[in-house]
Student: 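The structure that follows is given in the form of structure tokens.
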There are 2 protein chains.
Amino acid sequence: MATISEIAKTAGVGVGTVSRYLNHRDTVSAAKQKQIQTAIEQLHYTPNAIASQLRAQSTNNIGVLVSRISNPFFAQLFDALERELHRYGFQVMVMQTHDDPEAERRFLDQLKQQQVDGVILASVENSDLLAQLAPTYAKQMVLLNEESLQVALPTVSLNHYQATWDALNYLYDQGHRRISYATGGNYPSTHHGRSRTQAYLDFCQAHGLIIDDQLIFAQQHTLTDGQQLGTKLSQLAPNLRPTAIFSNSDEVAVGLINQLQAQHFRVPDDIAVVGYDDQPFAKFAPVPLTTVRQPVLSMAQVAVDQLLHNLGKINTPALQPDLGLQLIIRKSA
Amino acid sequence: MATISEIAKTAGVGVGTVSRYLNHRDTVSAAKQKQIQTAIEQLHYTPNAIASQLRAQSTNNIGVLVSRISNPFFAQLFDALERELHRYGFQVMVMQTHDDPEAERRFLDQLKQQQVDGVILASVENSDLLAQLAPTYAKQMVLLNEESLQVALPTVSLNHYQATWDALNYLYDQGHRRISYATGGNYPSTHHGRSRTQAYLDFCQAHGLIIDDQLIFAQQHTLTDGQQLGTKLSQLAPNLRPTAIFSNSDEVAVGLINQLQAQHFRVPDDIAVVGYDDQPFAKFAPVPLTTVRQPVLSMAQVAVDQLLHNLGKINTPALQPDLGLQLIIRKSA
DNA sequence: TTTAATTTTGGAAACGATTCCAAGGAGGCG
DNA sequence: CGCCTCCTTGGAATCGTTTCCAAAATTAAA
């Protein structure tokens with residue numbers, strides 16, 4: 001691998017001059033420009049970003065933490081984040097936690113060692129850890145769709161409480177009184193205060209619906225989880241069976257619908273299903289999915305804006321796109 | 001940010017000793033170990049990976065190039081690649097080309113500047129470029145699911161020709177004589193020789209089926225593309241309309257089915273649909289999708305194995321998992 | 001032509017880690 | 001007690017870039 005000083009030697013100039021030429025930092029005489037250029041082509045020179053990052057004390061890399069990139073919601077979100085960050089010349093390093101707090105810790109540590117200029121957390125499993133780590137990251141960290149109670153961090157948050165409430169209300173208005181709830185997180189241990197779960201609990205309480213632990217399902221993430229959930233529901237005694245279920249993930253909802261249909265339940269007539277995210281295939285499900293749409297694009301824009309603003313790379317946080325959540329009514333409820 | 005020499009100073013030892021301690025490289029006396037450890041905790045030291053990478057002339061980073069991570073097939077593939085690479089202590093940098101040759105060039109260049117130890121190409125748009133770049137990358141490049149005619153590169157390849165042929169044959173056996181074809185690539189310009197397209201053309205020829213450019217659709221990638229394709233098909237005069245369509249992507253297939261149903265066509269009775277990949281939601285489609293399953297896990301394992309072997313990080317290429325493609329017969333054909 | 005002002009240039013120092021080498025220290029053996 | 005061996009240690013050199021500073025070259029002014 002050719003280095004800058006080899007280029008300098010072959011071109012018969014000093015290293016400083018080559019560097020200046022490469023970065024268009026200062027004027028370099030036309031003659032030397034040509035010499036340098038030919039040397040570069042001759043030796044197939046490629047700058048070593050690592051060295052330059054070390055010297056510059058900045059990498060132009062941003063870390064993004066998601067729970068699982070094969071979750072279409074995160075895929076879309078990552079896509080949008082990347083697009084946005086590229087516009088500002090940043091590169092993105094994505095890491096998946098797979099909902100493992102230990103992996104989360106490890107990856108945050110790795111990102112720090114890699115000297116990323118900032119981190120966007122689109123999924124946090126262990127907010128204690130976060131509180132512990134946050135000070136050392138300071139302003140280069142943005143929470144997207146997550147909130148930390150322990151520590152004040154730049155945060156992009158949507159009103160999931162309200163959206164959940166509205167969705168439940170929609171079900172309630174249609175006469176549902178026995179509503180089940182599926183979440184990706186734990187229950188009841190951690191994150192009890194997470195806004196969606198809280199909204200569910202509050203809603204039930206406010207409307208005098210029984211809160212039955214048998215109707216609350218935790219750690220539900222995938223299509224397969226949804227299928228298994230369907231099996232569980234279908235095995236419940238008819239009088240215990242919910243007439244509707246609110247799922248925090250479209251994936252789970254689709255798997256669920258599939259399994260319910262396989263067991264000859266009708267959706268939404270026997271059991272209504274509401275999902276969350278409005279993932280791309282939601283409207284292509286066996287029963288087009290009624291779901292809460294997350295404004296992925298705006299979320300990404302705001303998060304990046306926020307981050308770059310905190311990094312001093314951008315002046316105006318300016319735009320404040322609509323971060324509203326919207327219930328998309330299709331056929332499943 | 002604390003550095004290793006600050007640690008050394010606070011602990012009252014030399015930098016070399018700290019480094020040795022950190023890397024468990026040599027024995028360090030118990031007393032100094034304790035001093036160093038306390039200094040580390042006191043100063044919140046985090047090693048600077050950039051510096052160490054510069055010195056070591058190796059980053060332990062592997063680049064992965066895909067066309068679009070929100071394509072569930074690539075998401076799964078990336079997932080598997082990452083899992084596998086983590087096992088060997090590598091980190092993964094993923095980049096999306098969005099099928100843009102220019103982006104491909106740019107990203108490959110960036111990866112090189114970032115000094116990645118290797119690259120796995122799961123999608124290549126411009127194989128001329130590749131031929132041009134490959135020599136400078138030498139052995140640290142693996143083609144996954146792609147082939148380059150111009151240059152010999154380590155390659156993990158499946159028999160897509162055969163799988164396509166088999167799928168078409170399945171349709172043929174069911175009496176279909178007018179079979180449409182949808183691909184993600186271009187047609188007929190580049191990649192004419194790509195094995196799936198070639199198999200289609202050869203199959204038609206071998207069985208005396210007309211090859212009608214009106215039945216061949218290029219640049220089909222997403223659910224939306226599939227929908228639009230459905231509209232196009234439904235607008236064809238009945239005698240021109242295909243009775244079956246083979247799509248190179250499940251996403252397109254699902255969008256297509258959805259739109260066909262919306263236009264009151266029955267799948268598979270009026271039009272049969274075969275997809276490709278067996279993406280996670282394929283069996284949850286409105287009509288469970290008949291599709292060619294790609295062995296994502298094995299593909300990732302073999303690619304990583306191949307790469308690490310070439311890098312000399314691993315001795316035995318050993319395992320040769322089954323890279324067979326399998327037609328999964330469900331309801332759509 | 002001389003002097004001053006300006007532009008261009010070369011190269012040393014720095015970024016933070018690792019590794020090599022020489023030297024210091026501990027312990028064993030006679 | 002002295003000598004040899006082996007283990008532990010400190011610190012200089014190195015990786016490839018950028019930046020700063022002083023010197024050289026060029027241009028402008030007198």
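In what follows, every chain begins at residue 1, and chains take the letters A, B, ... in the order their sequences are listed.
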Student: On DNA chain D, compare the nucleotides closest to A:L54 and B:V13; which residue's is nearer the 5' end?
Tutor: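 Whichever sits nearer the 5' end wins; that is B:V13.
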Student: Reading nucleotides 19-24 of chain C 5' to 3', which nucleotides get B (base under 4.0 Å from a protein heavy atom), which S (sugar-phosphate only), which -?
Tutor: BB----
Student: Hey, is the side chain of A:Y45 poking within less than 4.0 Å of OP1 or OP2 on D:dT17, counting only N and O atoms?
Tutor: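 The answer is yes; a side-chain N or O of A:Y45 sits under 4.0 Å from OP1 or OP2.
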Student: Could you tell me how far apart B:Q114 (CD) and D:dG16 (C1') are, to the nearest whole angstrom?
Tutor: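 About 14 Å, once rounded to whole Å.
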Student: Measuring to OP1 and OP2 of C:dT7, would you say a side-chain N or O of A:S29 lies under 4.0 angstrom away?
Tutor: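 Looking at the OP1 and OP2 atoms of C:dT7, neither is under 4.0 Å from any side-chain N or O of A:S29.
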Student: Apply ring-ring contact (aromatic ring centres under 6.0 Å, His included) to the pair B:H98 and B:F107, showing each step before the final yes or no.
Tutor: CA-CA 11 Å; B:H98 290 282; B:F107 291 142; 8.7 Å; no
Student: Taking only residues two or more places apart in sequence or in another chain, which ones pass side chain to side chain contact (heavy atoms under 4.5 Å, CB included) with B:D109?
Tutor: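 Side chain to side chain contact (heavy atoms under 4.5 Å, CB included) list for B:D109, sorted by chain: B:Q113.
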Student: Out of A:I69, A:L77, A:D79, which one pairs with B:S70 under the side chain to side chain contact (heavy atoms under 4.5 Å, CB included) rule?
Tutor: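 Of the listed residues A:I69, A:L77, A:D79, the side chain to side chain contact (heavy atoms under 4.5 Å, CB included) partner of B:S70 is A:D79.
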Student: On the nucleotide C:dG16, are OP1 or OP2 found under 4.0 Å from the side-chain N or O atoms that A:Q57 carries?
Tutor: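 So the side chain of A:Q57 is within the cut-off, an N or O lying under 4.0 Å from OP1 or OP2 of C:dG16.
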Student: For A:E102 and A:R105, run salt bridge (charged side-chain N to carboxylate O under 4.0 Å, His left out): C-alpha distance rounded to whole Å, both residues' side-chain angles, the deciding distance at 0.1 Å, then the answer.
Tutor: CA-CA 5 Å; A:E102 168 53 22; A:R105 203 197 53 67; 3.5 Å; yes
Student: Closer to the 5' end of DNA chain C via nearest nucleotide, is it B:A56 or A:G14?
Tutor: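 Comparing both residues, the 5'-ward one is A:G14.
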Student: I need the NZ-P distance between A:K9 and D:dG16, as an integer number of Å.
Tutor: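 From A:K9 NZ to D:dG16 P: 12 Å.
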Student: CG of B:N48 versus C1' of D:dC15: gap in Å, rounded?
Tutor: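 Distance, rounded to whole Å: 13 Å.
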Student: State whether the side chain of A:S5 and the backbone N or O of A:T3 hold a donor-acceptor pair below 3.5 Å, judged by distance alone.
Tutor: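 No, A:S5 side chain to A:T3 backbone: no donor-acceptor pair under 3.5 Å.
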Student: Would A:T97 and A:V66 satisfy side-chain contact (heavy atoms from CB on, under 4.5 Å), going step by step from the backbone distance to the final call?
Tutor: CA-CA 6 Å; A:T97 65; A:V66 302; over 6 Å; no
Student: Can you check the A:Q53 CD to D:dC15 P distance for me, whole Å?
Tutor: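 Rounded to the whole Å, the gap is 19 Å.
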Student: Taking atom P of C:dA17 as reference, at what distance in whole Å does atom CD1 of A:I50 sit?
Tutor: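 Answer to the nearest Å: 14 Å.
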Student: In this structure, how many angstroms lie between the C1' atom of C:dG11 and the CD1 atom of A:I4, rounded?
Tutor: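 Going from CD1 in A:I4 over to C1' in C:dG11 covers 13 Å.
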Student: Just how far, in rounded Å, is C1' of C:dA17 from CG of B:L22?
Tutor: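 Those two atoms, CG and C1', are 10 Å apart.
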Student: Once side chain to side chain contact (heavy atoms under 4.5 Å, CB included) is applied, do any residues pair with B:L297, and if so which ones, sequence neighbours excluded?
Tutor: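 If we apply the side chain to side chain contact (heavy atoms under 4.5 Å, CB included) test to B:L297, skipping adjacent residues, the hits are B:A80.
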Student: Ignoring the backbone of B:T3, work out which of D:dC15, D:dT18, C:dA17 is nearest its side chain.
Tutor: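 Closest nucleotide to the B:T3 side chain: C:dA17.
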Student: What is the distance, to the nearest angstrom, from the CD1 atom on A:I36 to the P atom on C:dT8?
Tutor: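 Roughly 13 Å, once rounded to whole Å.
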